[in-house]
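A quick write-up on the structure given underneath.
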Amino acid sequence: MGQTGIAVVGAGYWGPNLVRNFAADEGSTVRWVCDLDLARAGRLAGRYGVTGVTDSLTEVLADPDVRGVAIATPARTHGKIAEACIEAGKDVLIEKPLAADVESGRAIVEKADAAGAIVMTDHTFCYTSAVGRIRETVRGGDLGSFHYYDSVRINLGLVQSDVDVIWDLAPHDFSILDFIVPDGVNPVSVSAVGSDPLGVGHACVAYVTVTMSNGAIAHVHLNWLSPIKVRSVMIGGSDRMLVWDDTRPTQRISIYDTTATIGDLSERERREALVSYRIGDMVAPALPEVEALAEVAREFREAIESRRAPATDGWAGLRVLTLLDAASRSLESGGQAIAV
Ligand SMILES: NC(=O)c1ccc[n+]([C@@H]2O[C@H](COP(=O)([O-])OP(=O)(O)OC[C@H]3O[C@@H](n4cnc5c(N)ncnc54)[C@H](O)[C@@H]3O)[C@@H](O)[C@H]2O)c1
C-alpha cells in the first residue's frame, strides 16, 4: 500500500507536533501545511521538508492525494474547516475539543457519518501507555466494580484569554473517563463551581463533579494558579485501587490490592459503619515510554486505510463536548447539577 497523504491545518502551538509526528510515521506523507499566516506555515513546512505550503484550505482539498486532514486551529473554527474537508471527501483528525459548542460538534459527526467519512478526535492522553493500561485494568474488571475517578490537574499555568480553566484542562479528564469506564456506565449529571480571583473574566480555578449511571462519581480539580504541578488521578474499585501520577516517569501507575467492604451485614451493623479494610500488596506495572502523538498519527492513518472507526472517534469527541457544555452551564448557575 502506498503512502497516505496528510495535510495539517494550523501551524500555531500544537500544529508543529502533528506535523512532526505525521512526518515520522512511516505510512504517512505530509503533503501540505496550511495556515492563514503563510509565513508561519512555510517555516513549519521547511523544518520537515514538506513542499505544500498554503493559506488556502481550498487548495489543500483540491489535492486528490490528500486523504486525511489534521485540524489544529482554534476550536471555534473546527466546524467550518471539518465540514469543508468532509464535503471534499477527506477524513479528519480534529484537535480537542471537537468544536466550540455541542451543536457544531454534532453537525460534524452527523455529516461525516452520512458521507462515510472518518472523524477522529485528538484525545491525546488516551494514546499514552498509562491510560491504555488504566483502560485495560478498569474495563477488564481488575479493580472490581468502578467506584470513583478523582483527578487533580493543577499547575501555575498559562492563563488563557479565550477559554476558562474547564475548557482548557477538563477535556483531558473527560476524554480519559470516557475511554476507561466499562460499557454501560455513562455520565448522568455534571456540576461545577469555580472562581476568577485575577478578574480575567473567566474561571481560573474549578471543581467539576460528574455522577455516573452506576452510582460512581468523578471529580476533577483544575487550577491555573497552583504553585506546584500535580497530575494525579486516583481510581477506586470494589477490589483494588489505582493511582496514576503522571509527574513520576519511573512509576506512573500503582495498583493497590486494597479494599473497604461492609460484607453481608445487618441494617444495624451497616448504620454503625462496621467497615472492614484489607490492605494488600502494591504493584507498579512497567510501561513502555511512547510518544502519544505518534500513536495518534498511526491510529488516524490506520483508520483511513482500513475504513474503521478510530479509538477516539467523533462521537467520543461529542460526548466530551457535552460534558464541557454541561460544566459551563452549571458554573453559570452557581453549581446546579445539569443532566447530560
Ligand atoms: N491535544 C492536546 O493536548 C492539545 C494541546 C494544545 C492545543 N490543542 C488544541 O489544538 C488546537 C489549536 O491550538 P493552538 O494552541 O495550537 O492554537 P494557536 O492559536 O497557537 O494556533 C492556531 C493556528 O491556526 C491558524 N488558523 C486559525 N484559523 C485558521 C483557518 N481558518 N485556516 C487555517 N489556519 C487557521 C492560526 O493562524 C494559528 O497559527 C485547539 O483546538 C487546542 O485546543 C490540543
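In this text, all values refer to a predicted model and were calculated from it rather than measured experimentally. Whatever order the structure lists them in is the order used to number ligands and atoms, beginning at 1.
With sequence neighbours excluded, the residues that form a side-chain contact (heavy atoms from CB on, under 4.5 Å) with L287 are S129, A130, R133, R252, I253.
Comment: D173 engages R153 in a salt bridge, judged by a side-chain N to carboxylate O separation of less than 4.0 angstrom.
Sequence neighbours left out, the pairs with a member in residues 184-196 that pass side-chain hydrogen bond (donor to acceptor under 3.5 Å, both in side chains) are S189-T211. Residue pairs satisfying the side-chain hydrogen bond (donor to acceptor under 3.5 Å, both in side chains) criterion with at least one member in residues 82-109, sequence neighbours excluded, are listed as follows: W14-E95, E83-K111, E87-K111, D91-R307.
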List ligand 1's nitrogen or oxygen atoms that come under 3.5 Å of a protein nitrogen or oxygen, with the partner atom and distance.
unit_1: ligand 1; atom_1: 1 (N); unit_2: E95; atom_2: OE1; d: 3.0
unit_1: ligand 1; atom_1: 1 (N); unit_2: T124; atom_2: OG1; d: 2.8
unit_1: ligand 1; atom_1: 16 (O); unit_2: Y13; atom_2: N; d: 3.1
unit_1: ligand 1; atom_1: 16 (O); unit_2: W14; atom_2: N; d: 2.8
unit_1: ligand 1; atom_1: 20 (O); unit_2: Y13; atom_2: N; d: 2.9
unit_1: ligand 1; atom_1: 34 (N); unit_2: L36; atom_2: N; d: 3.3
unit_1: ligand 1; atom_1: 37 (O); unit_2: D35; atom_2: OD1; d: 2.6
unit_1: ligand 1; atom_1: 39 (O); unit_2: D35; atom_2: OD1; d: 3.3
unit_1: ligand 1; atom_1: 39 (O); unit_2: D35; atom_2: OD2; d: 2.6
unit_1: ligand 1; atom_1: 39 (O); unit_2: R40; atom_2: NH1; d: 2.5
unit_1: ligand 1; atom_1: 41 (O); unit_2: T73; atom_2: O; d: 3.4
unit_1: ligand 1; atom_1: 41 (O); unit_2: H78; atom_2: NE2; d: 3.3
unit_1: ligand 1; atom_1: 41 (O); unit_2: K96; atom_2: O; d: 3.1
unit_1: ligand 1; atom_1: 43 (O); unit_2: K96; atom_2: O; d: 2.7

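In this structure, V109 and L98 have side chains that are in contact, with non-hydrogen atoms separated by less than 4.5 Å.
Checked by atom type, the side-chain pair W167/D162 shows no donor-acceptor distance below 3.5 Å.
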